[in-house]
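So the structure is just underneath, and the comments pick up after that.
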Amino acid sequence: MWRGAAVIAAGNVDPVGAASPLERRLVEAFVTVVVPLHMLLPTAGGWLMVLAALRGLVTIVRRPAFDALDRLYFVACALIPGAYLLNMALTGWAPSWLHRPAHLLITGGLVFLWIGRVGLRERAFFRAVVLASFTVLGIALFDVLVNGSVRVFGWRQQWNAVPFGNFSLLLGFLSFAGCIGAMFDGMRDRWRVTIGLAATVAGIHASILAGTRGGWLAIPILIGVTLWAALRAYRRRVFASRYFLPALVAMPVFAVAALWLSDTAQQRIDIAFEDIEALVQGAPARAAVDPSIGLRLEMWKWGLEKAAERPLTGVGLAHFSEARQQAVQSGRMPATFGALANLHNELISSLAIGGIPTALAVVAFWILMGSWFVRRIGHGDSFFFATSGLLVVVGTGVFSMTEGLFGTSAGTKALAILLAIPAGALRHRATIPASDGAVGAPDAPLRQRQPVTAGDASAFSTALADRRPRTLVVHHRSGIGDLVWHVPYLRAIAATSRGGRVTLMARPSCRAPDLLGAEPAIDAVIEYDYRPRRNESRRGRDSGLRGFLRTAALVRSRDFDRVYIFSSRTRYALLAWWAGIPQRAGFGFSLAQRMALNLGPCIRPHRGEGSWVYPEATEFARAHGFVDGPLLPRLAVPSALLAQAARTFAQLPVPRVALLIGTSEPRKDWGAANFTRLAQALLDRGFGVLVLGGPAEAEVADRILADIGQRPGAVAICRASVLQSAAALKCCDLCIGNDTGALNLAAAVGVRCLGLFGATRALKHDPGIEAIEASSMASIVLDDVLRRVDAIEGFGASEREAAMEPGGSSA
């Protein structure tokens, strides 16, 4: 009969596609927790990764199909373990060498497949790396300032200083990558940029406090990678940006300044120069190889000698420990060498321990994994994930020139998870086509690909071409009339939104699903029941913290790009922020609300005459460029409902007057006795009378009809839907009633109205509503109302009959 708006209760979320919103929330919760937790407690982080891998295994069992991206990722991760197995087959079995690469292949691989099938929004990963950056800085500051440590070995020394500092540095750069898109978007999300830059500083500072000299050498390389990725994705906009290049230049400036001001860093640098000077000046052998740099150089020399002796197999994984001990016993290497598990250079270690095949596998791993991310660097939500993955590959590649790629368990797990998360997110985006649905891609839950038929091609192409933002509009007011006033502005915002539609959040008392059931600009309605009206005497379904979080999770699952909040309430701004909506606009009357908004401009409260709701809604829509000025609220009535109403009231005398007896508050009610006398007077003049109210007014309406003697010229409607009531009002020539939603509904469908205002401000915005004002409702007398009725010109059946003609269903 007509297109109905979908209604979504905040407590119920239907699964979309193969992955439910609950599964997506589980993925986001895992990502948000595992990265900072691993930096704080690597053992706990490792167990959490194992649990996620088991969940990924369940997901794969349910949907076992592997595509080319899955195979490519697993091939890259299997190269090094495969080379190890080959070497063991030739030189002897040493299963302990497979333990750490297995994290990359199995644990990280299953996490990759889980995220790749469920999907992940970039906001969740951004939160994770930001929290992790602040976590490592807190650990470093506590270790240095409270414990007095010279170097940072993680919380309670659960890390090694070198990988802790290296991954702290990487987290800082990943935080910077997460705010680059916002810089090129005109700084609309200033909070994201601010937090991202602060996290960048935190990660770099933690690395400096850890004293990781090899990691510091990677800073200019990582800056270069970041610049290259930005140029590849944003091209000329890079040099036109007022924010990106200054922020990029500020990074090495801060790093140099921090190194200069840090006593620990200066001490580590001085030691490095002393080591190098001692080697250059030909210091005695034992003194030259004991310091860190001297020992590394001697290990590299020894490793290259062993590689030259056995280029295809090296000393063998199973025999590396024995070869180290022989070098110490022969005096070739110092005693400290016997306790080291690698040569502190992954390429030389691979050549010495596993020969050329193992070294080639390491190089191929870097090339394949790097190309996996390079090919996916682009605009939008792919840029952050692809750049993050590339930074991890390049960063760990640089770090492994002075440290082993799998040197520590904590570092290996960090590598596995920081590759699996962005790779899985990119895999999901690459295999799921964009959609114009309510949830929408690229952040929609995984949908199995279906063949596109010829009939679907046009619609599918249109969906791909429509890149307008997915929009949520929040309507705070509780009345039907308040919502009617906002309808033209909902249409204006929808015209700039994905599919020409918006999702509306409104309170149940607005009756939005019913009122907007025929409105094409509304895609769906989210009913937010957090504070019912006082006369309802009940607790809201979504009240309290639990209801807030449940509603935020529902909003998050819909993946909106922006929200326009027609309210000054801080609650809605916080809800949108918590739900991760990137662009958030609201009235901004209070500082508290403005803190959670990032899309201006804000507006000022209405100070003029009349109700403030419509003027403020108008000004908000005008300030954001959706309209040039006020738009009169007009509502469409479905033709089928209008025809049905015409048949129902065909025998009712004309002209017809609707008496609107409903009210949301007793103080606005003119009273049943007054409406009874008015109905009697109108019937005496030969008018038809329609008594209209809601279900709560059914008893009052029956009493009015009984008091006037059940005359044939009067009927009552109190149990109709909002649109059925609108159709009934459309059949009338005049409406007289309280300041209630039905009065605004009547004006919106083009019926002339007399509003009774004795307890509230008169409505001035719509010329279709004429106000009868008094100091109180009791001060409005019947004679005044009848005089206003008699003064109305053109009041007759002709207008009604014109409205009833075919095609007259639109306002």
Side-chain angles (χ1 to χ4, degrees), residues 30-31 34-35 38-39 42-43 45-57 60 66 69-88 94-116 159-160 162-163 166-167 170-171 174 317 341-342 346-347 349-350 353-354 357-373 385 388-400 403-427:
F30 163 73
V31 170
V34 72
V35 180
H38 185 73
M39 299 307 297
T43 301
W47 280 111
L48 186 58
M49 289 174 59
V50 171
L51 293 176
L54 292 176
R55 182 62 188 174
L57 183 61
I60 300 310
F66 274 60
L69 293 178
D70 294 331
R71 292 190 290 271
L72 181 60
Y73 186 85
F74 271 87
V75 166
C77 292
L79 284 170
I80 297 176
Y84 283 2
L85 288 172
L86 175 62
N87 185 265
M88 291 178 195
S96 61
W97 281 88
L98 293 173
H99 174 67
R100 289 176 182 171
H103 282 296
L104 187 65
L105 175 63
I106 300 176
T107 308
L110 289 174
V111 171
F112 158 80
L113 291 175
W114 183 35
I115 297 175
W159 279 76
N160 180 286
V162 173
N166 287 341
F167 280 99
L170 270 182
L171 289 169
L174 265 57
L317 297 171
N342 60 74
E346 189 60 32
L347 281 178
S349 289
S350 299
I353 301 172
T358 303
L360 290 177
V362 171
V363 174
F365 165 78
W366 284 328
I367 293 175
L368 282 181
M369 196 62 76
S371 64
W372 206 99
F373 291 108
F385 287 118
S388 296
L390 183 60
L391 286 169
V392 172
V393 172
V394 173
T396 53
V398 175
F399 301 152
S400 65
E403 181 63 30
L405 186 62
F406 306 112
T408 64
S409 177
T412 301
K413 295 171 185 174
L415 172 63
I417 198 65
L418 289 180
L419 286 177
I421 292 173
L426 288 172
R427 186 266 182 198

Least distance between heavy atoms, [X] atom then [Y] atom:
X      : Y      : value
Met369 : Cys77  : CE-SG, 3.7 Å
Pro357 : Leu86  : CB-CD2, 4.4 Å
Leu391 : Leu170 : O-CD2, 3.4 Å
Leu79  : Ala361 : O-CB, 3.6 Å
Leu405 : Thr412 : O-OG1, 4.4 Å
Ser350 : Val362 : OG-CG2, 3.4 Å

From [X] atom [atom1] to [Y] atom [atom2], the distance as rounded to the nearest 0.5 Å:
X      : Y      : atom1 : atom2 : answer
Leu98  : Tyr84  : CG    : OH    : 8.5 Å
Phe167 : Leu174 : CZ    : CG    : 10.5 Å
Lys413 : Trp47  : NZ    : CH2   : 8.5 Å

Partners of Phe30 by ring pair (Phe, Tyr, Trp, His ring centres under 6.0 Å), sequence neighbours excluded? Trp114
List the residues meeting ring pair (Phe, Tyr, Trp, His ring centres under 6.0 Å) with Phe373, not counting sequence neighbours, and say none if there are none.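 With sequence neighbours excluded, Phe373 shows a ring pair (Phe, Tyr, Trp, His ring centres under 6.0 Å) to no residue whatsoever.
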Can you tell me if [X] uses its side chain to pair, donor with acceptor, with the backbone of [Y] under 3.5 Å?
X      : Y      : answer
Asn87  : Ala83  : no
Asn342 : Gly407 : no
Glu346 : Ser400 : no

Residue pairs, two or more places apart or on separate chains, that pass side-chain hydrogen bond (donor to acceptor under 3.5 Å, both in side chains) and touch residues 357-369: none
Sequence neighbours excluded, the answer for side chain to side chain contact (heavy atoms under 4.5 Å, CB included) partners of Leu72 is Leu368, Trp372
Which word best sums up how the rings of Phe112 and Tyr73 line up, parallel for under 30°, tilted for 30 to 60°, or perpendicular for over 60°?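 Parallel: the ring planes of Phe112 and Tyr73 meet at under 30°.
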Phe365 pairs by side-chain contact (heavy atoms from CB on, under 4.5 Å) with which of Val393, Ile80, Leu360? Ile80
Heavy-atom side-chain proximity of [X] to [Y] below 4.5 angstrom:
X      : Y      : answer
Ile115 : Val31  : yes
Ile421 : Val35  : yes
Leu419 : Thr396 : no
His38  : Trp159 : yes

With sequence neighbours excluded, residues passing side chain to side chain donor-acceptor pair (under 3.5 Å) with Asn160: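 Testing Asn160 for side chain to side chain donor-acceptor pair (under 3.5 Å), a comparison that skips the adjacent residues, returns none.
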Show me the donor-acceptor pairs within less than 3.5 Å that the side chains of residues 101-108 make with the rest of the protein, sequence neighbours left out.
none

Partners passing salt bridge (charged side-chain N to carboxylate O under 4.0 Å, His left out) against Arg100 (at least two apart in sequence or in another chain):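 Once residues adjacent in sequence are excluded, Arg100 has no partner under the salt bridge (charged side-chain N to carboxylate O under 4.0 Å, His left out) criterion.
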